[in-house]
Every structure is written in structure tokens, then in C-alpha cells.
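Working notes for the structure below.
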Amino acid sequence: VQIGLLMTELITRAQLQLDPAVVEARIKEAAAQQPNPEEAEKQYRSSQQAIQQIQMGLLEEMALEWVAARANITPQAISFREVMNFGAEA
């Protein structure tokens, strides 16, 4: 629940908005994965809940891209063993 609230706040503050063409492309992409793409596309379009889920997924992707574009990342070498022991007591 908290991550959802955080994402909503981030989307609002960053003023992220969906491009209808991107939503359209995602609907077609999702429908293409089904055995009967044309029927699946009709079902997606007839379900407000399905459309909202697609829209929220896209907005979350946009929010993550927004954060990544502004992040100050410093690459550092680390061994697999160090990664796997992350947070472990010494």
C-alpha cells in the first residue's frame, strides 16, 4: 500500500501524463500475446478495470524512468558473495 501511495505522489509531483498512443500500443501488445488477439483486444477495451491497470502500469514505468533519469549513480565493483551477504551480520 505504501509503495502505491509513493508512486501516486511521484506521478502527481512529476506531472507525468500518458500519451494515448502509448496506451493504445500497450493494449495491442497485450492482446497480441493471447490466442485470439482480436477478441482479446475487444475484451481489454470493454473492461474499464483492464484499461486502468494498463494505464497504471505505464504510469509506474514512467515514474521509474523519471527517477532513474535524475538519480546520481556511482558504479562500484562488488563481488557476488558481497551481494549475496547484503545486510548479513559479520
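All values below were derived from every heavy atom in this structure, side-chain atoms included, with hydrogens, water molecules and symmetry-related copies excluded.
Shown here are the side-chain hydrogen bond (donor to acceptor under 3.5 Å, both in side chains) partners of T12, two or more places apart in sequence or in another chain: there are none. Under the rule for a salt bridge (Lys or Arg N to Asp or Glu O under 4.0 Å), the partners of K28 that lie at least two apart in sequence or sit in another chain are E24, E41. Partners of A50 under the side-chain contact (heavy atoms from CB on, under 4.5 Å) rule, at least two apart in sequence or in another chain, are Y44, S47. For V22, the side-chain contact (heavy atoms from CB on, under 4.5 Å) partners are D19, L58, not counting sequence neighbours. Not counting sequence neighbours, the partners of E9 by the salt bridge (Lys or Arg N to Asp or Glu O under 4.0 Å) test are R13. With sequence neighbours excluded, the residues forming a side-chain contact (heavy atoms from CB on, under 4.5 Å) with E39 are N36, K42, Q43, listed by chain and number. Taking the side-chain contact (heavy atoms from CB on, under 4.5 Å) definition, one finds that R70 meets it with W66, sequence neighbours left out.
Taking all atoms of both residues into account, the shortest heavy-atom contact from L18 to Q55 is CD1-CB, 3.5 Å. Closest non-hydrogen pair, A32 versus P37, comes out as CA-CB, 4.1 Å.
When hydrophobic residues (I, L, V, M, F, W, Y) are linked wherever their side-chain heavy atoms come within less than 4.5 Å, I73 remains an isolated member.
Atom CD1 of I51 is separated from atom CD of Q53 by 11.0 Å, given to the nearest 0.5 angstrom.
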Where do L64 and M7 land on the side chain to side chain contact (heavy atoms under 4.5 Å, CB included) test, with the steps shown first? CA-CA 9 Å; L64 292 174; M7 290 299 275; 4.3 Å; yes
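Contacts classified as salt bridge (Lys or Arg N to Asp or Glu O under 4.0 Å) and involving residues 48-66 (residues at least two apart or in different chains) are given here: R26-E61.
A continuous path of ILVMFWY side-chain contacts below 4.5 Å connects V23 to L16, so both sit in one hydrophobic cluster.
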